[in-house]
Amino acid sequence: MWKKDSSEGSDRFEYLQTLVTEFQDTDSEEAKEQVLANLANFAYDPKNMEYLRELQVTDLFLDMLTEENENFVEFGMGGLCNLSMDPECKGIILQSGGIALVTNCLSSRREETILSAITTLMNLTTPSSRSEITDPAILQCMLRFSLSESPRLRNLAAVFLQDCCSEQQVARAEQQMQGQQQTAVGIPLPKD
């Protein structure tokens with residue numbers, strides 16, 4: 001096995017820094033989308049976490065969740081989903097009011113954004129955040145998603161309900177929904 005070059009880490013940091021700078025400096029929406037997609041992909045690799053934290057990419061992704069450009073939201077949500085596995089990034093997301101921002105993405109028309117939002121909420125679940133993440137409105141949303149025609153959405157919502165919620169919470173949410181039509185109506189259907 002060959003020994004890795006000691007400059008690999010600094011090269012990696014410089015490249016990520018170049019991406020962040022390009023995002024900040026360009027006026028092109030298309031270029032920003034491409035950079036965001038790249039940063040979201042880099043957020044998947046644990047080797048990049050320290051550099052992404054130093055470059056405040058978590059905050060950049062959080063900022064994207066309120067943009068009108070649906071690609072910005074999708075890539076920002078995907079990046080946050082990847083970063084939320086890292087304990088330090090999870091802390092940053094939680095301290096920055098990220099649960100509310102992520103929860104708002106559950107109403108996206110894009111299935112990928114919704115899937116990333118559900119996964120992120122599961123990753124952000126801690127003893128102190130559980131009550132906010134298992135709010136009755138979110139549980140009702142997950143119950144409706146569990147009726148989706150999309151197997152990915154249906155199955156992920158079921159995993160959320162099973163892993164993040166007590167049986168009593170789910171039963172209470174189901175009871176609150178009784179009398180309402182049991183379909184995904186009221187939730188914009190994802191485009192993909």
Side-chain angles (χ1 to χ4, degrees), residues 1-106 108-130 132-133 152 156 159-160 163-164 190-192:
M1 191 130 170
W2 56 279
K3 200 172 193 178
K4 290 195 177 200
D5 183 18
S6 63
S7 68
E8 180 186 346
S10 63
D11 290 346
R12 188 181 293 254
F13 176 79
E14 287 175 24
Y15 181 72
L16 293 169
Q17 188 172 36
T18 301
L19 285 176
V20 171
T21 302
E22 182 181 342
F23 180 84
Q24 293 167 338
D25 290 349
T26 187
D27 292 327
S28 164
E29 293 246 326
E30 188 177 327
K32 284 183 184 269
E33 288 173 4
Q34 191 171 2
V35 169
L36 275 174
N38 284 325
L39 287 170
N41 286 333
F42 281 112
Y44 189 74
D45 187 343
K47 291 179 186 175
N48 297 323
M49 289 301 163
E50 182 182 337
Y51 307 128
L52 293 171
R53 282 193 304 269
E54 189 174 334
L55 294 167
Q56 301 179 333
V57 172
T58 306
D59 293 327
L60 174 67
F61 287 150
L62 284 166
D63 289 344
M64 293 304 101
L65 301 186
T66 56
E67 290 290 325
E68 287 188 28
N69 180 320
E70 290 184 14
N71 288 330
F72 285 6
V73 176
E74 180 178 333
F75 300 144
M77 192 66 259
L80 273 182
C81 184
N82 290 336
L83 290 177
S84 66
M85 295 295 293
D86 176 74
E88 286 185 56
C89 290
K90 178 192 294 191
I92 294 167
I93 296 166
L94 290 170
Q95 292 167 5
S96 301
I99 293 173
L101 293 169
V102 171
T103 299
N104 287 338
C105 291
L106 294 173
S108 172
R109 294 185 84 49
R110 292 191 175 187
E111 184 171 330
E112 287 304 319
T113 302
I114 295 169
L115 293 169
S116 292
I118 295 170
T119 304
T120 303
L121 287 173
M122 291 191 299
N123 292 341
L124 294 177
T125 303
T126 66
S128 60
S129 67
R130 184 174 301 277
E132 187 177 356
I133 290 174
R152 295 185 326 149
L156 191 57
V159 169
F160 177 94
D163 289 359
C164 298
K191 290 181 183 173
D192 347 285

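When reading the values below, keep in mind they use all heavy atoms of this one structure, side chains included, and skip hydrogens, waters and symmetry mates.
With rounding to the nearest 0.5 Å, the separation of SG in C81 from CG in L124 is 9.0 Å. Taking OG of S10 as the start and CD of Q17 as the end, the distance is 11.0 Å to the nearest 0.5 Å. For the atom pair OG1 of T125 and CD of E132, the computed distance is 10.5 Å after rounding to the nearest 0.5 Å. Between the CG atom in L39 and the CG atom in L83 there is a gap of 9.5 Å [rounded to 0.5 Å]. Between atom CD of residue Q24 and atom CG of residue L19 there is a gap of 11.0 Å, rounded to the nearest 0.5 Å. With values rounded to the nearest 0.5 angstrom, N123 atom CG is found 12.0 Å from I118 atom CD1.
The pair E74-R109 does not meet the salt-bridge criterion, since no charged nitrogen lies less than 4.0 angstrom from a carboxylate oxygen. We find that R53 and D59 are not joined by a salt bridge, their nearest charged nitrogen and carboxylate oxygen being 4.0 Å or further apart.
Residues G76 and L65 come closest through the heavy atom pair C-CD2, 4.0 Å. Closest approach of L121 to I133, counting heavy atoms only: O-CD1, 3.5 Å. The nearest pair of heavy atoms linking A117 to V102 is O-CG1, 3.5 Å. Across all their heavy atoms, E29 and F72 have their closest contact at O-CE1, 3.8 Å. In terms of heavy atoms, V73 sits closest to C105 at CG1-SG, 3.9 Å. Residues A40 and F75 approach most closely at CB-O, 3.6 Å, considering heavy atoms.
Shown here is Q34, whose CD atom has no more than 12 heavy atoms of other residues, nucleotides or ligands within 6.0 Å.
Residue pairs meeting the ring-ring contact (aromatic ring centres under 6.0 Å, His included) criterion with at least one member in residues 16-43, sequence neighbours excluded: Y15-F42.
Between the side chain of T26 and the backbone N or O of S28 there is at least one donor-acceptor pair closer than 3.5 Å. At distances below 3.5 Å, not a single donor-acceptor pair connects side-chain atoms of R152 with backbone N or O atoms of L115. With hydrogens and angles disregarded, no donor-acceptor distance shorter than 3.5 Å links the side chain of S116 to the backbone of T113. Listed for the K90 side chain is no donor-acceptor partner under 3.5 Å among the backbone atoms of M85.
Within the 4.5 Å cutoff, side-chain heavy atoms of M122 are placed close to those of L156. Looking at heavy atoms from C-beta onward, F61 lies out of side-chain contact with M77 at the 4.5 angstrom threshold.
Looking at S128 and T126, their side chains do bring a donor and an acceptor atom within 3.5 Å of each other.
When each of L52, L80, N48, L62 is paired with V57, the side chain to side chain contact (heavy atoms under 4.5 Å, CB included) condition holds for L52 and for no other. Across N82, T58, D86, a single residue satisfies side chain to side chain contact (heavy atoms under 4.5 Å, CB included) together with M49, and that is D86.
Every residue two or more places apart in sequence or in another chain that forms a ring-ring contact (aromatic ring centres under 6.0 Å, His included) with F13 is listed here: Y51.
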Please lay out, stage by stage, how K32 and D25 fare under the test side chain to side chain contact (heavy atoms under 4.5 Å, CB included). CA-CA 9 Å; K32 284 183 184 269; D25 290 349; over 6 Å; no
